[in-house]
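Each chain gets a letter, A, B and so on, in the order the sequences are listed, and its residues count up from 1. What you see is a predicted model; the values in this text were computed from it and never measured.
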Amino acid sequence: MDKKVAIVGIGYSGFGSTTPDLSYREMIFEAATKCYQDAGGIHPQSIDSFVASSEDFMEGISIADEYVPDQLGAVLKPVHSITGDSLQGLASAMMQIKTGQQSIVAASAFSKVSNLSNHDGLVTYATDPFYIRPFNENPYFIAGLEMNRYLHETGTTREQCAKVVTKNRSNALNNPSALYGARIELEDVTEAPVLSYPLGIYDMSGHLDGSIVVLLASEERARELTDKPIWIKGIGWATDTPNLDSRIDGMGSAVYARLAAQKAYRMAGINNPFNEIDFAEIDDTFSYKELQHLEALNLCGPGEAGKLLELGCFAPDGDFPVNVSGGSLGGGYLHEANGLQRLMETVLQLRGEAGKRQLHDVETGLAFAWRGIPTATGAAVILSTRP
Amino acid sequence: MAIMERNSRNIDNRYWNPGFKAFPVKNVYTAGAAGQRFFEEIKNNSKILGSRCEKCELTYVPARIYCERCFNRLEEKNWIDVGTEGTIYSYTLLFQTQNGEPRENPAVMVAVRIADGLLIHRLGEFSAADLEIDKPVKAKFKPKEKRKGCIEDIDYFKPIK
């Protein structure tokens, strides 16, 4: 089980607020084509196994996992789906290689959220049918409750949350694939209409369509396929209780993130993440989540993330750049593909292929994803240029 | 392996609706041994029940039949009346409808801490000054004849003056 696993190819398609030209399966086909080209032009016949991350209601089709193989070149091959964030799918793909069962495995995820006429209703459908759903309210009130509790527990301010939005939307201006780039002032965020107090409408990331496919390989095969392998040094994932009623700890802090990161750090041999990791792509589905996640990931203490943000620590030229890509607030939220989007940005930085947003002298990066309201699931991955 | 042609005119793009408007996903739900009893106590006796795990020193509200920490079964003797008062653990003012439409009068949602549990509910009969974490609140039940055995048998929580 000590086999090393590398990312040898990555490709994406879409990244639009709507994508009326392609079906979701064609979008995955295009991302797969780019990914396989990125891995030296490998043909899917040479890929041993495939893992898709998806959720039936997003596809609008039951047993969506049966509709995976053809767009990946996986017909008559081992295929399965993970109903979870795509970093959980990545973990599954990685384990197949670590066990020695497979040598090359593809992992895919997508969002075609623009095809959903009532996304908020779908999120409501994900809440408890007895204790939450009967109120018939917009499910993002859960984010409002979380944010208010987080501010209360840590002394973080509403303005510090707004600063996450201005930072990430500004960062997105240097990312050609980011949709929501903008140079805005703090007041544009704090004075915007309220969604669920204290959460404003710009504290929430906008929807994004797109697909990402990533190719993983064992050390031996990785060396054959690419001269720029990015190594997966550690991975971890965790889920807190689904019951809002028992989230005494989990309402104000991201317990799932703390546990996921602990596992990933241990596997990667990281003791002091702030010093040993160079940058991070961290879930910022909501503004407060970036700060809450930074604290849970032990990159700073409780209540410190907002202050460090104001000091410029998480800016592209700061001590610990966070979401240089623009994150979800600047780039758009890819739903179950959120994790692979964070991963892709980390890979591009480590390869030195991040264009105008390229960081200098980066060797180790962290990607972290959360599954969104109303879930309490997170997954963390440590990537490095060194095996 | 490539996409050779793409639609390049918006007017050529169309969305396909299947022959039926939407699949009518209609479920019924089983409240279960714990849920059934929890809601019947609210409906018949205006009581909120929790269940106590002695090992973890935790009282779950709403009551349930197992402890999610130690996985112990919570027996009959573990069911306790936790009263109808709690404190605001968090609150929010919701300015959008379920479908994401803006609205002027917000819904005020609260997480009410009772023992070690959080009941999610509405706040009623309050002034702006009452919107405060740790504020004591009390359940206001609907008249008995209007209760159905559900969470909405509690009309809302209101501040204790």
Side-chain angles (χ1 to χ4, degrees), chain A residues 13 18 20-22 26-27 29-30 32-33 36-37 41 43-44 57 60 62 73 115 117-121 124-125 127-132 134-150 152-153 193-199 201 241 243-248 251-252, chain B residues 1-3 6-10 12-16 18 22-23 25 27-29 31-32 35 38-39 58 60-62 64 68-69 88-103 106-111 113-114 116-122 131-134 150-152:
Chain A
S13 166
T18 65
D21 57 331
L22 297 179
E26 290 169 339
M27 232 164 41
F29 170 71
E30 185 173 60
T33 302
Y36 303 158
Q37 184 64 28
H43 192 279
F57 280 105
S62 291
N115 272 359
S117 55
N118 181 6
H119 173 263
D120 292 1
T124 302
Y125 201 65
T127 60
D128 184 281
F130 297 100
Y131 298 106
I132 308 294
F135 296 114
N136 281 313
E137 292 293 353
N138 188 291
Y140 292 109
F141 83 81
I142 298 168
L145 289 176
E146 282 191 1
M147 179 173 174
N148 208 8
R149 183 71 201 177
Y150 168 67
H152 175 79
E153 284 181 8
V194 177
L195 198 171
S196 192
Y197 172 88
L199 189 81
I201 58 167
T241 175
N243 305 309
L244 291 184
D245 51 86
S246 30
R247 286 193 199 161
I248 289 280
M251 184 162 281
Chain B
M1 288 185 288
I3 289 175
R6 308 180 84 108
N7 294 342
S8 56
R9 299 193 315 165
N10 268 334
D12 293 336
N13 293 321
R14 63 170 291 191
Y15 292 92
W16 295 86
F23 180 68
V25 181
N27 301 86
V28 293
Y29 295 91
F38 178 79
F39 288 125
L58 276 174
Y60 289 94
V61 181
R64 54 182 81 168
E68 65 177 41
R69 307 283 174 98
I88 294 180
Y89 194 70
S90 192
Y91 66 89
T92 187
L93 287 74
L94 179 60
F95 284 86
Q96 288 191 3
T97 65
Q98 186 168 31
N99 294 331
E101 302 296 327
R103 67 180 190 205
V108 180
M109 305 300 293
V110 284
R113 180 165 185 165
I114 302 175
D116 299 306
L118 299 173
L119 270 188
I120 307 294
H121 223 289
R122 299 177 189 281
L131 285 174
E132 201 180 9
I133 287 175
D134 295 333
C150 62
I151 194 67
E152 288 177 298

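Looking at residues two or more places apart in sequence or on another chain, you find a side-chain hydrogen bond (donor to acceptor under 3.5 Å, both in side chains) between Glu68(B) and Thr241(A), Asn243(A), Ser246(A), Arg64(B). For Arg69(B), the side-chain hydrogen bond (donor to acceptor under 3.5 Å, both in side chains) test picks out no residue, with sequence neighbours left out.
Residue Asn136(A) touches chain B through both its backbone and its side chain, counting heavy-atom pairs closer than 4.5 Å. The part of Glu152(B) that comes within reach of chain A is its side chain, from C-beta onward, which places non-hydrogen atoms under 4.5 angstrom from that chain. If you measure heavy-atom distances from Asp128(A) to chain B, you find no contacts under 4.5 Å at all. For a residue to count as touching a neighbouring chain, one of its non-hydrogen atoms must lie under 4.5 Å from one of that chain's; by this rule Leu199(A) does not touch chain B. Both the backbone and the side chain of Pro20(A) come within contact range of chain B, each with at least one heavy atom under 4.5 Å from a heavy atom of that chain. Residue Arg103(B) touches chain A through its side chain alone, counting heavy-atom pairs closer than 4.5 Å. If you measure heavy-atom distances from Val110(B) to chain A, the contacts under 4.5 Å come from the backbone alone. Both the backbone and the side chain of Ile248(A) come within less than 4.5 Å of a heavy atom of chain B. For a residue to count as touching a neighbouring chain, one of its non-hydrogen atoms must lie under 4.5 Å from one of that chain's; by this rule Ile142(A) does not touch chain B.
Taking the six-membered ring for Trp and thresholds of 30 and 60 degrees, Phe130(A) and Phe39(B) have ring planes inclined between 30 and 60 degrees apart.
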Dump the intermediate steps for side chain to side chain contact (heavy atoms under 4.5 Å, CB included) on Val61(B) and Asp245(A), then the final yes or no. CA-CA 7 Å; Val61(B) 181; Asp245(A) 51 86; over 6 Å; no

Walk me through it: do Asp120(A) and Gln98(B) pass the test side chain to side chain contact (heavy atoms under 4.5 Å, CB included)? CA-CA 7 Å; Asp120(A) 292 1; Gln98(B) 186 168 31; 5.7 Å; no

Might you work through the side chain to side chain contact (heavy atoms under 4.5 Å, CB included) test for Tyr140(A) and Thr92(B), ending with a clear yes or no? CA-CA 10 Å; Tyr140(A) 292 109; Thr92(B) 187; over 6 Å; no

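Between Ile201(A) and Gln96(B), the shortest heavy-atom distance links the atoms CG2-NE2, 3.9 Å. Taking all atoms of both residues into account, the shortest heavy-atom contact from Pro129(A) to Tyr29(B) is CG-CD2, 3.7 Å. Scanning both residues, Arg247(A) and Leu118(B), for their nearest heavy atoms gives O-CD1, 3.7 Å.
In terms of heavy-atom pairs under 4.5 angstrom with chain A, the leader among Leu93(B), Ile151(B), Asp116(B) is Leu93(B). Of the listed residues (Ala111(B), Pro62(B), Gly117(B)), the one with the most heavy-atom contacts under 4.5 Å to chain A is Pro62(B).
Within the model, atoms CG of Leu94(B) and CG of Leu195(A) stand 7.0 Å from one another, a figure rounded to the nearest 0.5 Å. In this structure, the separation between OH on Tyr89(B) and NE2 on His152(A) is 8.5 Å, given to the nearest 0.5 Å.
At least one donor-acceptor pair closer than 3.5 Å links the side chain of Asn148(A) to the backbone N or O of Tyr91(B). A donor-acceptor pair under 3.5 Å links the side-chain atoms of Arg122(B) to the main chain of Phe135(A), judged by distance alone.
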